[in-house]
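Inspection log for the structure reproduced underneath, given as structure tokens.
Starting from 1, each residue takes its place in the sequence as its number. Note that this is a predicted model, so its numbers are computed, not measured. Note: hydrogens, waters and symmetry copies are ignored here, and every other heavy atom, side chains too, is used.
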Amino acid sequence: MLENSLLSAEVKEGEILPPTIQKLMKGYNKYLRPFFDNGPVTVGMSLDIASIDTISEINMDYTATIFLRQRWTDERLVFEGNKSLSLDGRLVELLWVPDTFIVDSKKSFLHDITVENRLIRIFPNGTVLYALRITTTVACNMDLTKYPMDKQTCTLQLESWGYNINDVMFYWTRGNESVSGLDTLRLAQYTIEDHYTSASEAIYETGHYPKLIFHFELKRSILYFILETYVPSSLLVVLSWVSFWISQSSVPARICIGVTTVLTMTTLMMGARTSLPNANCFIKAIDVYLGICFSFIFGALIEYAVAHFCTLNHPDANIVMVRPSALVTSKAAADAAALAPTAELELCPSSPTGSEPKPEAPEEPPNRCLIVLVLLRKVLRKAANCCHVENPHLIDNYSRMTFPLSFVFVNLLYWTYYLYL
């Protein structure tokens with residue numbers, strides 16, 4: 001079987017394998033791992049991160065191009081000499097290689113331009129170096145509670161697919177220095193603050209399998225969000241305060257400022273959510289700030305409604321000059337109303353005997369809607385009396401101080417909590 005595979009490889013390539021390779025391949029079975037009857041084979045791993053192309057909060061994953069290097073010893077490949085043999089990557093099909101896979105990988109591919117990007121090198125003591133160039137998209141669970149002031153820790157996990165810890169053992173060749181290339185990376189929204197490696201075991205129903213984990217911590221750059229979201233929303237809040245310096249009689253001007261700032265803030269809030277998952281259950285830091293700004297803008301609009309209502313209900317606004325003729329007319333109408341019941345009593349015929357009681361007219365059932373309206377009117381009148389303002393123009397004067405001071409105080413609490421707690 002082995003001779004047939006070698007023969008097919010020779011025919012395919014159109015060349016005869018060198019004598020050294022032929023000697024190594026004689027009696028070699030790629031379906032059996034090294035040290036098959038003498039304990040597990042140890043495989044050393046190292047990574048070179050070529051690039052981290054994208055980090056997506058919507059899909060919660062990242063895409064990276066890596067150089068994966070695996071090193072192990074195969075006692076069947078020992079040969080005489082002091083130089084290593086660098087072989088064509090396509091000859092890897094003749095050798096045993098670890099069945100390493102990337103955990104949580106959504107999709108991966110091996111680069112094949114101009115040929116498959118593989119490297120195979122055999123050393124005289126039987127050590128095999130196997131390197132691959134892979135682009136992979138790996139899931140990364142993100143906590144977006146403090147977005148955009150968040151830090152995310154993502155991992156790249158390597159496991160053996162079919163060989164358990166009794167067959168294969170993984171280890172990092174140089175500890176934390178086994179991963180290189182991060183110092184030269186430049187990411188759009190992130191900076192890599194820390195990275196380290198660890199080794200563990202993956203426990204499944206079929207057994208315990210070796211696992212290597214590479215951890216890296218990403219810190220988001222907030223400057224972009226300050227210029228894109230925080231500054232515009234804060235300026236909209238300040239713009240809504242302009243209405244406090246406009247006369248209360250200028251109804252169109254104040255309403256225009258209030259409604260315009262509310263609509264603009266709504267558009268800004270919708271735009272800030274386009275780059276985030278639609279079905280995300282997190283209440284993010286940026287949502288809290290936009291909600292605060294929207295509350296202050298809407299509060300400025302409500303402030304004018306309250307001030308205008310108090311102005312209309314102020315006693316000075318209801319003074320009407322009454323003419324004497326109107327007073328006489330109203331007095332005559334009142335006298336006529338007083339005499340009307342008496343006239344109605346006189347028109348009623350008396351009973352023939354004078355002793356029979358007058359039949360009473362049936363009482364009409366009370367109108368429930370009318371009763372509710374009367375009660376509601378009383379409640380509103382009492383509420384208006386409780387909220388009575390002597391000078392409605394002082395509402396704007398108080399708002400000029402309370403709104404800015406409250407906004408500054410809330411900002412101090414917000415930034416202190418999300419940056420330091």
Side-chain angles (χ1 to χ4, degrees), residues 42-72 98-109 130-161 163-165 168-204 208-222 276-277 280 282 284-285 418-421:
T42 57
V43 180
M45 301 278 188
S46 64
L47 292 175
D48 191 355
I49 308 297
S51 65
I52 297 179
D53 304 322
T54 58
I55 300 174
S56 174
E57 292 84 7
I58 296 178
N59 300 321
M60 287 198 176
D61 57 27
Y62 68 91
T63 302
T65 299
I66 62 174
F67 297 98
L68 173 61
R69 301 183 181 92
Q70 305 177 81
R71 189 186 299 264
W72 69 93
D99 57 349
T100 307
F101 75 100
I102 301 175
V103 185
D104 297 332
S105 175
K106 296 182 177 180
K107 57 181 178 179
S108 302
F109 65 90
Y130 180 44
L132 300 168
R133 180 172 176 241
I134 304 171
T135 294
T136 178
T137 300
V138 185
C140 178
N141 295 326
M142 299 182 182
D143 183 6
L144 300 176
T145 305
K146 292 190 175 182
Y147 177 91
M149 291 164 281
D150 56 326
K151 295 182 180 180
Q152 306 297 338
T153 300
C154 297
T155 61
L156 180 65
Q157 304 180 43
L158 303 173
E159 286 185 18
S160 175
W161 176 255
Y163 294 105
N164 57 31
I165 58 176
V168 173
M169 295 295 296
F170 286 171
Y171 70 96
W172 293 106
T173 55
R174 298 185 303 275
N176 289 338
E177 297 180 358
S178 301
V179 181
S180 59
L182 293 176
D183 297 335
T184 59
L185 288 182
R186 295 293 180 269
L187 304 179
Q189 291 188 13
Y190 293 90
T191 56
I192 299 177
E193 284 201 330
D194 190 18
H195 63 89
Y196 59 95
T197 59
S198 64
S200 63
E201 295 180 1
I203 302 175
Y204 299 104
H208 294 210
Y209 296 85
K211 176 192 288 189
L212 296 181
I213 308 174
F214 168 58
H215 311 258
F216 58 99
E217 187 176 283
L218 301 170
K219 181 180 180 181
R220 197 184 304 273
S221 301
I222 195 177
L276 295 175
N280 199 312
F282 297 111
K284 298 169 286 296
Y418 283 105
L419 288 179
Y420 302 106
L421 299 180

Practice task
Indicate whether the side chain of Tyr204 and that of Glu159 have a donor and an acceptor atom separated by less than 3.5 Å.
Solution key: yes

Handout entry: Tyr418 side chain vs Thr145 backbone, donor-acceptor pair below 3.5 Å
Key = no

Problem - Over all atoms of both residues, closest heavy-atom pair of Tyr62 and Ala139 - result: CE2-O, 4.5 Å

Exercise for the section: Using atom types as modelled and distance alone, determine if a side-chain donor or acceptor of Asp99 lies under 3.5 Å from a backbone N or O of Ser160. Expected result: no

Completion exercise
Taken to the nearest 0.5 Å, the spacing of Phe214 CZ from Cys154 SG works out to 10.0 Å

Handout entry: Results of salt bridge (Lys or Arg N to Asp or Glu O under 4.0 Å) for Arg220 - residues two or more places apart only
Key = Glu57, Asp150

Completion exercise
Taken in chain and number order and not counting sequence neighbours, the residues that satisfy side-chain hydrogen bond (donor to acceptor under 3.5 Å, both in side chains) with Thr100 are Gln70

Handout entry: Contacts of Glu193 that satisfy salt bridge (Lys or Arg N to Asp or Glu O under 4.0 Å) - sequence neighbours left out
Key = Lys151, Lys219

Exercise for the section: Determine, stepwise, if the pair Gln157 / Asp104 fulfils side-chain contact (heavy atoms from CB on, under 4.5 Å). Expected result: CA-CA 8 Å; Gln157 304 180 43; Asp104 297 332; 3.6 Å; yes

Completion exercise
Heavy-atom nearest pair, Pro210 first then Val168, reads CG-O, 3.5 Å

Fill in the blank from the handout: One should read off an interatomic distance between Leu132 CG and Ser108 OG, to the nearest 0.5 angstrom, of 11.5 Å

Exercise for the section: Look at the side chain of Gln152 and the backbone N and O of Asp143, then say whether any donor-acceptor pair between them is shorter than 3.5 Å. Expected result: yes

Handout entry: CH2-CG distance between Trp172 and Leu47, expressed to the nearest 0.5 angstrom
Key = 4.5 Å

Practice task
Test Val43 against every option in Tyr171, Tyr130, Trp72 by the side-chain contact (heavy atoms from CB on, under 4.5 Å) rule and name the one that passes.
Solution key: Trp72

Practice task
Look only at the side chain of Thr65 and the backbone of Thr135, and say whether a donor-acceptor pair between them is shorter than 3.5 Å.
Solution key: no

Practice task
For His215 and Ser198, test the side chains for any donor-to-acceptor distance below 3.5 angstrom and give the result as yes or no.
Solution key: yes

Handout entry: Over all atoms of both residues, closest heavy-atom pair of Ser51 and Leu185
Key = CA-CD2, 3.8 Å

Practice task
Could you tell me which non-hydrogen atom of Asn164 sits nearest to which non-hydrogen atom of His208, and how far apart they are?
Solution key: CB-O, 3.0 Å

Practice task
Rounded to the nearest 0.5 Å, what's the gap from CG on Asp183 to CD1 on Ile49? Could you check?
Solution key: 11.5 Å

Exercise for the section: Starting from the C-alpha separation in whole Å, work towards a yes-or-no answer on side-chain contact (heavy atoms from CB on, under 4.5 Å) for Asp61 and Val138. Expected result: CA-CA 5 Å; Asp61 57 27; Val138 185; over 6 Å; no

Fill in the blank from the handout: Correct closest heavy-atom pair for Leu212 and Ala199 would be CD2-CB, 3.7 Å

Handout entry: Check: Ile102 and Leu158 side chains under 4.5 Å, non-hydrogen atoms
Key = yes

Problem - Side-chain heavy atoms of Thr173 within contact of Arg69, under 4.5 Å - result: no

Practice task
Answer whether the closest heavy-atom distance between the side chains of Thr137 and Asn59 falls below 4.5 Å.
Solution key: no

Practice task
To the nearest 0.5 angstrom, please state how far the CZ atom of Phe216 sits from the OG1 atom of Thr197.
Solution key: 13.5 Å

Fill in the blank from the handout: Closest non-hydrogen atoms of Leu144 and Met60, given as atom of the first, atom of the second and distance, are CD1-CE, 4.3 Å

Problem - OG-NE2 distance between Ser180 and His195, expressed to the nearest 0.5 angstrom - result: 9.0 Å

